[in-house]
Structures are given as structure tokens and as C-alpha cells.
Protein chains: 2
Amino acid sequence: MTQLDSDQKAADDAPKLGRRRDPAKDQQILDAAVDVLAETGFDGMTIDMVAARAGAGKATVYRRWASKNELVLDAVACLKKTDLDSMPIPDTGTLRGDLVAMIRPPTIDDAERKLKVMAGLASMLSSAPDLAEAANEAIVEPRARINRMLLNRAVERGEISADVDIQLVSLISPSMVAYHSLIQRKPVDREFLITVIDGVILPAVGLRPAPAR
Amino acid sequence: MTQLDSDQKAADDAPKLGRRRDPAKDQQILDAAVDVLAETGFDGMTIDMVAARAGAGKATVYRRWASKNELVLDAVACLKKTDLDSMPIPDTGTLRGDLVAMIRPPTIDDAERKLKVMAGLASMLSSAPDLAEAANEAIVEPRARINRMLLNRAVERGEISADVDIQLVSLISPSMVAYHSLIQRKPVDREFLITVIDGVILPAVGLRPAPAR
DNA sequence: TCTATCCGGAACTGCAGAGTTCCGTATATG
DNA sequence: CATATACGGAACTCTGCAGTTCCGGATAGA
């Protein structure tokens, strides 16, 4: 989309002769951009940093993206694919079981990395709607979508009432984790996540913390 | 503290003759800094912008603060005093009544302004611990403190159980409001706040949404 | 092997903002 | 009224980064 090479027919622009553009380099640069973004934020990020981390030259970056803004937009969008949501979604038979099963190191690390990216973009979101949408779609939505799925299944099997505001409840953990991590700057560990599940989410859907006691 | 003029004995450094430094100007500059911070974020903020908005010269700003960083630190800290927490805290007799009574235009506007400041600082928080602490103390804590007070009163009058995790519950609304406003970029209106109170907070402390039905 | 193309890297321009210096003016004190 | 000081504003330096250009070397196809 924003990338320079995805021209009209996406073909025929490949050279008949000589060296071809390395497609793997694109991903290396995007990954490096996300790393730098997470570490320094949008304004702290320089193209030189990204190029150096990707083992590329600055010119190579600009051969593929027209500007820093477009690179960042693509890098954020690429987080979507990097997402761990392609992993199997737990189905333990109880809502609490499913929610607890979601607490795993790779899931937590992925979340923390994405939160850092979001923090690095925070000041831009109000002035760059397309970036805000990309960030929302790549960072916020995937996790909320999983939560909605788990909640819907709980409704279907009669575990919780159909009156529950699933949209609202699905945002409890993303909200509280983001606040805990970004603003309060405390580590997102298993204990905190369990506390949120048992102390907020389950009561909100009308369940007791301990499922069978 | 960070201000240049608060020297050793805080006295005798006033000139015997001639014009005195205008103390009101300090506050005008700090207010302007907060405004610009909320609108453009830390990196987008320039000293010229702040000076212009305060009706001052850039030199005047640097006569009072040694750097942009120190100005911002003081500006954030000054949000604490600007806070609306000097207003009367509601006491309606029920937790729900108190929470709903907190929903008032000045309270909401104050919160949104502070959230914008927090968004503008977000990318710096991980690399500037003192700024992070100042922001937390000026923006996060005052509101959480009120919530804790309301919850403690509810415990004292026997409305809710003493087992409730007050620390956790007091952070539900700040977290969800911040997420709603900053990340999802939706307006923080009365309807949303009521939904959070009735759909999350009250269930979390073991109360039904409609108190007397 | 030849050649068109891409590569990394370095040197370059242009600009914007932090921080400084200076000046003419305003003002409170004596 | 005289004077010492703070003021707003403009001009200045310096630094860092976005984006560009150029080059010698690497590489894949013909």
C-alpha cells in the first residue's frame, strides 16, 4: 500500500537483467523499525538507527519507503502479522480456565513489546488518524478479539448471562494491563493478570473467582 | 526544586533596586507549557511556542528554567496544584451515588487534559524516571486517591465487603478511561463512565448495578 | 564473462529547534 | 527623577536528523 514497489500490476517492474531486490530485506527493516520504535519512540527513532540495526544502508531504506512516516506506518501494520494470534486459542471449558490459559510468556512478551510501541506512538495518535487506526488494528484489536471470542463461547455454553456487555468486558484486561505497564510502569506478571481476572473480569460477568469450590 | 530561583535561603537574592521578577509570569509560563504539552507532546513542543502562548520572550523562559526538561518537569508537577481535587468530594451515602456524582464536566475536562499530557509524555516515561514519577503523582494518583477514599467509606458503612481489593478497584476507571480516550480515541462522556461503573466497578465490589430496585 | 541492477556506506544539503546573546523599553525602588 | 533590573523580541550559534546523491563492490541473469 504505502510501499513504493507495490505498483499498479505488481509485475513487469522486475528487472530482466542484473541483481534483484531482496524481499527478505524488507522484513528485516520493518522488524528493526519496530524494535527502535519500541525503544525510543517515534521522535527518538532515526532512519540511521533502523538501517544500522537491519544491517542496511540509509539509502536502501529510502529506496523502499518514501519517508519515515510511511516506514513507521508499514512497520506498525506488520506487527499484525507478527502477532501471536495465529497460535491456538485455549478451550478449557470454563471462562476462567481460558483466560488463565492465555497467560503465557510469549503472549505476555508480545503484549509488552506492543505496548512499548504504542507508548512510542502515543503523542502522534491525535494528529495522525491513519497511524492511529493502524496501531489500533495491529495492537489493540487482536487481543480484544480473542477476549470477545472467549466471552461469546462462555455465553453459548450458558456459563455467563447473555446480558453481559462483551465489548466492555473484553477491554478490561487490555486497559488495565496498559495502565499498569505504561503509566504505572510496573511489570506485567502472572500474579497481576490473575488478580485482574479474579478481581474484576469474572465479577463483571457474574462469576465467582473460584469456579468450583 | 528544579527552579533556578529557589536558592539556598530563598531570600536576599531579591534586588534592592529596580524592577523585580514577576512571580505571576512563572505560572503563566507553566500553564502555557502544559497547554502546548497537551496539544503537541514533549517532542513537538518548542520553547518558542510556550513563550509565545505565555506572552513572554524565550529569554525569559530560560532566565527561570535551565532547560526544556526542567520546565516540563515543573509544568507537570504544577498540574498537581491545578487539580480539581480541592473541590468537595461527594458523600451521597452509596458508593454508586458517590461515583456518579464524580461525573461532572469540570472533572471530565480536567481528566481529558491530563490524559493528553500523559500521552505527550508517554514515550519519555521509560527513559526519565523522575518525569514518570512526577506524572504519576500529578495525574494518576489524585484520582486513584479519591476512588480509594470512596471505596473505604463504603467498607466502613458496611456497603461492600472488607475483602475487596481497593487498590485494584480504584484503578479500574482510570485505566479504562485512559484506554478509551488515548488508545481507542473515543470521547469520554457520561454514558461511557456510567457503563464502566455499572458494568465493571460495582460488580467487582459485589454490588448490583441498580442499588435499590 | 559481461552487464544491468542492487547493495552498504559515506558525504552532502536543508531545516528546525535548543540554548545564548544582545538591545531598546518598561517599571519598581530609592 | 535616577538607577538597577527584568522584560519582549530578534538575531545568532550549534547540533541533529530527514532526505539526497554518489560511489565502489557484490550479484544474478544472459
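By convention in this document, chain letters (A, B, ...) are assigned in the order of the sequence lines, proteins followed by strands, and residues within each chain are numbered from 1.
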Do any side-chain atoms of residues 51-60 of chain A form donor-acceptor pairs under 3.5 angstrom with protein atoms, and if so which ones, sequence neighbours left out?
from    : atom 1 : to      : atom 2 : distance (Å)
A/Arg53 : NH1    : A/Glu39 : OE2    : 3.1
A/Arg53 : NH2    : A/Glu39 : OE1    : 3.1
A/Thr60 : OG1    : A/Arg63 : NH1    : 3.3

For residues 172-192 of chain A, the side-chain hydrogen bond (donor to acceptor under 3.5 Å, both in side chains) pairs (sequence neighbours left out) are A/Asn147-A/Ser173
Just grab all the side-chain hydrogen bond (donor to acceptor under 3.5 Å, both in side chains) pairs involving residues 121-132 of chain A, residues at least two apart or on different chains. none
Can you list everything that forms a salt bridge (charged side-chain N to carboxylate O under 4.0 Å, His left out) with B/Asp43? Sequence neighbours excluded, please. none
Nearest whole angstrom, please: distance from the P of D/dT27 to the NZ of A/Lys25. 12 Å
Going by salt bridge (charged side-chain N to carboxylate O under 4.0 Å, His left out), name the residues that satisfy it together with A/Arg153, two or more places apart in sequence or in a different chain. A/Asp91, A/Asp98
Gap between atom CD of A/Glu141 and atom CD1 of A/Ile146 - 0.5 Å precision: 11.0 Å
How long is the line joining CZ of B/Arg21 and P of D/dA6, in whole Å? 7 Å
Counterpart residues, side chain to side chain contact (heavy atoms under 4.5 Å, CB included), relative to B/Gln167 (two or more places apart): B/Arg148, B/Asp165, B/Leu171
Please determine, for the side chain of A/Thr60, which listed nucleotide (C/dG8, D/dG8, C/dC7) has the closest atom? C/dG8
How would you summarise protein contacts on nucleotides 14-25 of chain D per nucleotide, using B for base, S for sugar-phosphate only and - for none, with heavy-atom distances below 4.0 Å? ---SBBBB---B
To the nearest angstrom, the CG-C1' distance between A/Asp26 and C/dC7 comes to 13 Å
Mind listing the residues from residues 125-133 of chain A sitting with a heavy atom below 4.0 Å of DNA chain C? Number order is fine. none
Whole-Å distance separating the CD1 atom of A/Ile29 from the C1' atom of C/dC7: 11 Å
Quick one: A/Arg64 CZ to C/dC6 P, roughly how many Å, whole number? 9 Å
Sorted by chain and residue number, the side chain to side chain donor-acceptor pair (under 3.5 Å) partners of A/Gln27 (sequence neighbours excluded) come out as A/Asp31
Interatomic distance, A/Arg20 CZ vs D/dA28 C1' [rounded to whole Å]: 8 Å
